[in-house]
Amino acid sequence: MVDTRPVFRRWAVVAGVTVAAVLAASGPAVAGPVLPGAPPATVTLQPAGAVREVPTDFFGVNGARIISPENAEQWHDPVFRQALAGVDAGLIRVQGGTTSQWIDWRTGRFIQRPGGEFPGQNEGRNPILLSDWADVVRATGATPIFDLNVLTSTVDEQIAMLHEAQRLGMDVRYVELGNELWDPGSYYREVYPTGADYARAMNEWIVRLRQEFPDIKIGVSGADDSSIVTVALGPRIQTWNAGLYANIRGADAVVLHPYWTPDPVQADIGSTAAGGVAAWNSFADKAIGGVPAGMEVWITEYNQINIPFGEIPGFPPQLISGVPQTWAVGLSVAGFALSSLTDPRVRMSVLHAAIDGLPSARSRAANGNEEIHALLADGSGGSIEYGRTALNEALTPIYTRGREGGTVQRITADGAPEVTVALGTPLGITRVTSIVGAEFLGDHPGAFLVNLGNQPVHVRMPDALSGTLTADTLTAPPLSNPAFTPSDHVTETRTEVTGEATLPPYSLTQLTPR
């Protein structure tokens, strides 16, 4: 993820005020209030779309944040590694995203060059070495995705890194050729002026990598052109994919990084809770829809991002910078994760990031620490160090089930209440069904159902789930902040259901046969 604050300053006010004005004209952004004693809506769940095989290493986490001295030190802590292992991620991205393009793998220190990304960030920072990443991989049992440094290193050096990783016991199975090389920074523009230039350079890397590692899977860096960011960043990013797709040879996948931002209207819970599904719909239609046949899609970063509107001079004070990491955010990310799981074009789905906290002077200097939500709290701002965040609570059962593999299919709930979603990126207002789900088939059947709305919904099960099931349901007030507010917790209840079930508002339910 790159620091896009200067770009957002150019469009944020217009986008925020436009969406806010439409919201004011169109009414509340969530479904209407539930009348006392009113029965919940009843809908029949139906499988839809293609059935796809689920790799056991489908879900993962980006190995970030590693920039600030405080966060870098935490990656050396066995307690942190154990907490990260509790998420049950099948993949971990090494060495983060933007950081991977500016780290000397031999020293674990940031490369200092004019125009570089991390000037002065080595001071007081305990380097994270390849041996440290090997310890993380062993502790979590995850498969590494190596984000190769194609910006400030050489193919020979990166091949040497992969051989050293093998020596340290890491599986060299997946590599990315750089991170977000469409970045508008001058250094990126100089090395790779266009997507075509990047592709032609990477063709040589691909040949060399396959000579050394015949079974390796290789992903190349694409741009999420479903986002308004592509418009704000100019013609280079807008033409990046066309040049890449026309010139790349021998790659297995394109790597895309979708992010979304709810409209910055305070208490717009609907846009937050259902934003992930709305963003997925736009991303799947435009960005994934443009990927050439035969190429997989690797999502090695995704999340809700809070644009720091409050830091923009003159921005209307009634508009906030975004919500903190609430249960509504957790459900939003869970909705996106399940949507990616049921799309056969997607090979992996990796959340950014592993650890984050609340704002602090140090974290702001390290490219922000509060704008992208994470799985574990870092202890800053009064948060619980290594505390389980809303994203952690929502994703852990999904990740754990994903480690079992199997086959899966999307579940639809036609007739369920809808939620109005106003997003700043991808820009627009849309409506999505409040129920999103995925059904596991075969020898290990089951399902996940998320209720993104503020009304309970009564559902009739599809035929494959018509027997007696155990329903494990996670609920919390949508604005609660687990790991950040001591009194806020996610509640888990277990019931048995046969043929039908009621999904509480703002809930995630896992169904498994008795």
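A quick note: this is a predicted structure, and the numbers were derived from the prediction, not measured.
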Donor-acceptor check, side chain of R210 to backbone of I216, threshold 3.5 angstrom: yes or no? yes
Side-chain donor/acceptor of E70 to backbone N/O of R125, under 3.5 Å: no
I'd like to know if R106 and D104 make a salt bridge, using a cut-off of under 4.0 Å between side-chain N and carboxylate O. no
Check: T98 main-chain N/O paired with E117 side-chain donor or acceptor under 3.5 Å: no
Taking T194's backbone N and O only, do any of them form a donor-acceptor pair with D197's side chain (distance below 3.5 Å, no angle check)? yes
Ring centres under 6.0 angstrom apart (F80, W75): yes
May I ask you to decide if A89's main-chain N or O and R403's side chain share a donor-acceptor pair within less than 3.5 Å? yes
Working to the nearest 0.5 angstrom, can you tell me the gap between I237 CD1 and D224 CG? 8.0 Å
If the threshold is 4.0 Å, N to carboxylate O, is there a salt bridge linking K217 and E296? no
Would you call the rings of Y302 and F336 parallel, tilted or perpendicular, where under 30° means parallel and over 60° means perpendicular? parallel
Please lay out, stage by stage, how V94 and D147 fare under the test side-chain contact (heavy atoms from CB on, under 4.5 Å). CA-CA 6 Å; V94 178; D147 193 359; over 6 Å; no
Roughly how far, to the nearest 0.5 Å, is the OH atom of Y259 from the CD1 atom of I305? 7.0 Å
Under 4.0 Å between a side-chain nitrogen and a carboxylate oxygen: does that hold for R401 and D88? no
Look at the side chain of T230 and the backbone N and O of S227, then say whether any donor-acceptor pair between them is shorter than 3.5 Å. yes
Is there a donor-acceptor pair closer than 3.5 Å between any side-chain N or O of N71 and the backbone N or O of R65? no
Check whether the side chains of Y174 and R347 place a donor and an acceptor atom closer than 3.5 Å, and report yes or no. yes
